[in-house]
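The structure appears right after this line, and notes come after that.
Proteins come first, then strands; the chains are lettered A, B, ... in the order of their sequence lines, and each starts at number 1.
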Amino acid sequence: MAQDKKQVEQITDMETDFAKWYTDVCTKAELIDYSSVKGLFILRPYGYALWENIQKELDARFKEDGHENVYLPMLIPESLLQKEKDHVKGFAPECAWVTHGGNEKLEERLCIRPTSETLFCEHYANIIHSWRDLPKLYNQWCSVLRWEKTSRPFLRHREFLWQEGHTMHATAEEAIAETRQQLEVYADFCEKILAMPVVRGVKTDKEKFSGAEDTYTIECMMHDRKALQSGTSHYFGDGFARAFDITFTDKENKQAYPHQTSWGLSTRIIGGIIMTHGDNSGLVLPPRIAPTQVMVIPVAQHKEGVLEAADALRARLAVAGVRVKMDSSEQSPGWKFAEHEMKGVPLRIELGPKDIENKQCVIVRRDNREKIFVSLDEVETKVATLLNEIHDALYDKALKNLNDNTYACTSLEEVKEKMEACGGFAKTMWCGDLQCELRMKEEAGVSSRCIPFQQEHLGDTCAICGKPAKKMIYWGVAY
RNA sequence: CGGGGUGUGGCGAAGCUUGGUAUCGCGCUUGGUUCGGGACCAAGAGGCCCCGGGUUCGAAUCCCGGCACUCCGACCA
């Protein structure tokens, strides 16, 4: 009987079916629910709490660097969207349109924003006149809509939450520095807060954002060795400024076009967290982002004094600044252990009559299930230490996955072999030609992930065509 | 968008071939006993059988058309 129950509740093993494992975790850990419209998902409290913590961390970092939050409309007139030709070519196929207001057909249809470059440009044209108005460092938290053909929880929604930074600068140098700086903010956030190691680099022309001069990216490796583009930062030069007629008078009293950037990170990163750290028992949350860092579980809670002692422990940890909860529901302890493991709570503390007698508690780590007996006097410091240790352990494990599954290859055949055998990333030298990039996709089934900032010299010739190589580049299968 | 799979109380499934008004496990409610790895007993509640048409005296079941989820591919600015 107990066996049956376990099977019903169980999450599909990731070795059996990684995709099923992923959706099981999303739904069973109560992060997400499906809605009646394809590709539009409900973020449940636990999933939204994750996003709120992500927002809090990033927002603080943005503001430290002088960025300000704004909110622009969600509808874009078609004519506005069409002002920059590369941009519209990229986005128009995925736009959803508002064609009616009430029963009246609109004169001009309105696109539900797939991204807000055009809206920001329209606004910037109105408010930027002098070099004194620059830089403009704006950020927006909002949702955008892209009519994707297939959708998956967090990884590909038609409507998703994100932040989009849009900045304007007097010089190209300044704008490029901003682009790089914001990518580094994302990279640092992934590594220090989400325990996700990243590869920083530049996208090829083929993979860059419509209308951008350069697209910078951070690429993460998931547990199934596929790549997830986890954040991007674009340098636009003055292309949009010209298209939207944004000009300012510079210090020499000359008319000039400002240089622009945009950068974004979305709820997709939650999918990244799940697929980087999760295991067959469910979610494993990095401590610094976990909505609940510690779950206190009273054992034999009906017995005199147990609940009170457990709640006192919870209160102490809360005072110490830990995000802590107590589960005093009428479930058995074993049920609670399994439940909170599935939801990825980094630490649980068991407190029962025996512990109270011995003035101790039992702390169990989610990541390795280690049980630690801790004197009640030392709980605060021990919890703080353990949370940091878990973060480091998660990071190291993810880094090992990244390193162990990144292969230096010298020929297309070798890439093909490696990718078929093991998946992961291949790094090769590359001549820079689109033809070689297309051939790699065609023959080895991988797309270019990025040209890393941190270059390695793997040889002198392109692994695909044999001509002189310009750069070392990463390849992989991407989400 | 192409190919496959699925859709039955909250969840997982059986029933469909061969039409007769729905079954099981889990969960849920109430009461009681339990409580250190998904406890047990008893009594209950809960179903537009994905949606819309059609065939039929009668459809979860047969036929047609949608929709959603899912996997594989293409696409993903």
Complementary nucleotide for B:rA13 - Watson-Crick or wobble, under 3.5 Å: B:rU23
For B:rG46, the Watson-Crick or wobble partner whose two distances fall under 3.5 Å: none
Shortest side-chain distance from A:Y34, nucleotide among B:rC28, B:rU70, B:rG36: B:rU70
Proximity to the side chain of A:A300 - top-ranked nucleotide from B:rC35, B:rG37, B:rU70: B:rC35
Pairs where residues 275-287 of chain A contributes a residue and the test side chain to side chain donor-acceptor pair (under 3.5 Å) is met, not counting sequence neighbours: A:E15-A:N280, A:D279-A:R366, A:S281-A:R369
Within this structure, what is the [atom1]-to-[atom2] distance between [X] and [N], rounded to whole angstrom?
| X | N | atom1 | atom2 | value |
| --- | --- | --- | --- | --- |
| A:W335 | B:rU34 | CH2 | C1' | 17 Å |
| A:K303 | B:rG36 | NZ | P | 9 Å |
| A:K20 | B:rC69 | NZ | P | 16 Å |
| A:F41 | B:rU70 | CZ | C1' | 11 Å |
| A:H157 | B:rC69 | NE2 | C1' | 14 Å |
| A:E30 | B:rG10 | CD | P | 16 Å |
| A:I372 | B:rG36 | CD1 | C1' | 16 Å |
| A:D327 | B:rG37 | CG | P | 16 Å |

Please measure how far the [atom1] atom in [N] lies from the corresponding atom in [M], and state the result in whole Å.
| N | M | atom1 | result |
| --- | --- | --- | --- |
| B:rG38 | B:rU30 | P | 24 Å |
| B:rA14 | B:rU23 | C1' | 7 Å |
| B:rA43 | B:rG37 | P | 30 Å |

Touch class at under 4.0 angstrom, heavy-atom based, for [X] against every strand present:
| X | value |
| --- | --- |
| A:D17 | nothing |
| A:S151 | sugar-phosphate |
| A:P298 | nothing |

B:rG37 base / A:R348 side chain donor-acceptor hit below 3.5 Å: yes
Expected output: side-chain A:E108 to main-chain A:E78 donor-acceptor under 3.5 Å: yes
Is there any protein nitrogen or oxygen under 3.5 Å from a nitrogen or oxygen in nucleotides 74-76 of chain B, and what are the pairs?
{"unit_1": "B:rC76", "atom_1": "O2", "unit_2": "A:R156", "atom_2": "NE", "d": "2.9"}
{"unit_1": "B:rC76", "atom_1": "O2", "unit_2": "A:R156", "atom_2": "NH1", "d": "3.3"}
{"unit_1": "B:rC76", "atom_1": "O2", "unit_2": "A:R156", "atom_2": "NH2", "d": "2.1"}
{"unit_1": "B:rC76", "atom_1": "N3", "unit_2": "A:R156", "atom_2": "NH2", "d": "3.4"}

Under the side chain to side chain contact (heavy atoms under 4.5 Å, CB included) test, residues paired with A:K336 that sit two or more places apart: A:I297, A:Q301, A:D327, A:S329, A:Q331, A:H340
Partner residues of A:A172 under the side chain to side chain contact (heavy atoms under 4.5 Å, CB included) criterion, sequence neighbours left out: A:Y235, A:H259
pi-stack flag for A:H302 and B:rC35, centroid dist under 5.5 Å, interplanar under 30°: yes
Comparing A:E341 and A:K208 on RNA chain B - which has the more 5′ nearest nucleotide: A:E341
5′-ward residue of the pair A:L40/A:G90 relative to RNA chain B: A:L40
Phosphate contact (B:rC71 OP1 or OP2) by A:R152 side-chain N/O below 4.0 Å: yes
OP1 or OP2 of B:rC35 under 4.0 Å from side-chain N/O of A:S332: no
Qualifying residues under salt bridge (charged side-chain N to carboxylate O under 4.0 Å, His left out), relative to A:K83, sequence neighbours excluded: none
Pairing residues for A:E414 by the salt bridge (charged side-chain N to carboxylate O under 4.0 Å, His left out) criterion, not counting sequence neighbours: none
Salt-bridge contact A:E443-A:K416 (side-chain N to carboxylate O under 4.0 Å): no
Check: A:S447/A:W475 side-chain N/O donor and acceptor closer than 3.5 Å: no
